[in-house]
Amino acid sequence: MDKKKYEFAYEVYDDIHQLKNEDAHLLKEARLVTANAYAPYSNFHVAAVALLEDGQIVPGTNQENASYPVGTCAERVLLGILAALHPNVPIKSMAISYNSTEIKSDHPISPCGMCRQALLEYEARVNHPIRLILGGMEGKVIVIDTAKQLLPFAFTSNELK
Ligand code: THU
């Protein structure tokens, strides 16, 4: 029997002011764009904003539905927009933030399991890692080098060949 360990390194910053300018700008954008979420059921307004390798900044927000399972997370809304409007342009970084009328937005959130699967498919498709910058409206910020690290033992297209 072999015992194996999965671990990865990530960065934790005390707040947005410790980030390099490019990252701070993207997180600020994500904080602003939470205002465009459609989240009347959860009141949890999420924004995912991508900085593309060609310098463009593209936003996405969660889109809920009266039929709850129809709702889509900000990350997957963004990936759909990117695939349709900017096909094959690598994503340099993606900032994810949230705001709520009910709870404090003072710590980072990380993508849900379904979004992790979607993010790693996009990384494989464009052949480029997506750096994640995770932070609330205030408080600590986490930076992860590649979304793939968030989903060990992922199911990938390799299994279908
Ligand atoms: N949500 C996102 O958009 N991204 C995440 O990373 C976590 C959750 C959305 C889904 C739903 O509209 C609301 O947040 C509450 O779960």
Side-chain angles (χ1 to χ4, degrees), residues 6 8-16 19 22-52 56-86 89-126 128-156:
Y6 173 83
F8 71 96
Y10 57 93
E11 297 157 15
V12 183
Y13 297 85
D14 279 341
D15 60 42
I16 195 170
L19 296 177
E22 184 181 281
D23 291 353
H25 178 67
L26 201 61
L27 180 54
K28 271 187 209 153
E29 277 298 305
R31 287 174 173 176
L32 286 173
V33 168
T34 58
N36 297 341
Y38 178 66
Y41 305 104
S42 70
N43 286 318
F44 195 75
H45 299 245
V46 185
V49 176
L51 170 65
L52 303 185
Q56 295 187 83
I57 289 183
V58 184
T61 56
N62 56 332
Q63 301 297 319
E64 296 187 347
N65 192 284
S67 174
Y68 291 3
V70 177
T72 310
C73 294
E75 295 89 332
R76 277 174 297 124
V77 168
L78 173 58
L79 292 177
I81 292 168
L82 290 172
L85 296 180
H86 307 276
V89 183
I91 303 171
K92 192 172 181 189
S93 303
M94 182 186 294
I96 300 168
S97 192
Y98 65 103
N99 205 357
S100 167
T101 47
E102 285 158 38
I103 54 152
K104 247 189 144 196
S105 174
D106 60 0
H107 62 275
I109 57 163
S110 60
C112 78
M114 195 185 272
C115 288
R116 291 176 194 209
Q117 180 75 25
L119 286 162
L120 88 88
E121 179 89 18
Y122 208 88
E123 287 186 332
R125 173 176 176 177
V126 183
H128 194 276
I130 302 172
R131 229 175 120 251
L132 297 175
I133 302 163
L134 311 174
M137 299 301 282
E138 57 182 337
K140 285 196 190 331
V141 179
I142 289 177
V143 177
I144 296 169
D145 286 339
T146 160
K148 189 163 80 175
Q149 289 172 320
L150 289 179
L151 197 60
F153 285 86
F155 182 80
T156 71

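Predicted, not measured: the structure shown is a model, and the values here were computed from it. Counting convention: from 1, in listed order, for ligands and their atoms alike. Residues: numbered from 1 along the sequence shown.
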Using a strict cut-off of 4.0 Å, indicate which atoms of ligand 1 neighbour a heavy atom of V46.
-> 1 (N), 2 (C), 3 (O), 4 (N), 9 (C), 14 (O)

Any nitrogen or oxygen of T72, main chain or side chain, under 3.5 Å from a nitrogen or oxygen of ligand 1?
-> no

For C112, is the nearest heavy atom under 4.0 Å from an atom of ligand 1?
-> yes

Salt-bridge contact E75-R116 (side-chain N to carboxylate O under 4.0 Å) = no

Below 4.0 angstrom from a heavy atom of P111, which ligand 1 atoms are there? Numbered from 1 as shown, please.
-> 6 (O)

In terms of residue, atom name and distance, what is the protein heavy atom nearest to atom 11 (C) of ligand 1?
-> E64 OE2, 3.3 Å

Indicate yes or no: does an N/O atom of S42 lie under 3.5 Å from an N/O atom of ligand 1?
-> no

Exactly one of V77, L52, V126 clears side chain to side chain contact (heavy atoms under 4.5 Å, CB included) with L82, and that residue is L52

Please state which protein non-hydrogen atom is closest to atom 10 (C) of ligand 1 and give its distance, to 0.1 Å?
-> C73 SG, 3.9 Å

Electrostatic pair D15-K140, nearest N-O below 4.0 angstrom = no

Assess whether atom CD of Q63 is packed by more than 12 heavy atoms of other residues, nucleotides or ligands within 6.0 Å.
-> yes

Just jot down the ligand 1 atoms closer than 4.0 angstrom to any heavy atom of N62, in number order.
-> 3 (O), 9 (C), 11 (C), 12 (O), 13 (C), 14 (O)

When you measure from atom 16 (O) of ligand 1 to every protein heavy atom, which one gives the shortest distance, and what is it?
-> F44 CD2, 4.7 Å

With a 4.0 Å cut-off, strictly under, does atom 7 (C) of ligand 1 pick up any protein heavy atom?
-> no

Quick one: does C115 get a heavy atom under 4.0 Å from ligand 1?
-> no

Less than 3.5 Å between some nitrogen or oxygen of A74 and one of ligand 1, yes or no?
-> yes

Report yes or no: does H128 contribute a side-chain atom to a donor-acceptor pair with the main-chain N or O of I91 at less than 3.5 Å?
-> yes

Does atom 3 (O) of ligand 1 have a protein non-hydrogen atom under 4.0 Å from it?
-> yes

Indicate the ring-plane relationship of F8 and Y10, choosing parallel, tilted or perpendicular according to the 30° and 60° boundaries.
-> tilted

Ignoring hydrogens and geometry, is there a side-chain-to-backbone donor-acceptor pair from R131 to M94 under 3.5 Å?
-> no

Enter the distance from I96:CD1 to C115:SG here, rounded to the nearest 0.5 Å.
-> 8.0 Å

Which is it for Y122 and R76 under the side-chain contact (heavy atoms from CB on, under 4.5 Å) test, yes or no, and what are the steps along the way?
-> CA-CA 10 Å; Y122 208 88; R76 277 174 297 124; over 6 Å; no

Could you list which atoms of ligand 1 come closer than 4.0 Å to a heavy atom of E75?
-> 2 (C), 3 (O), 4 (N), 5 (C), 6 (O)

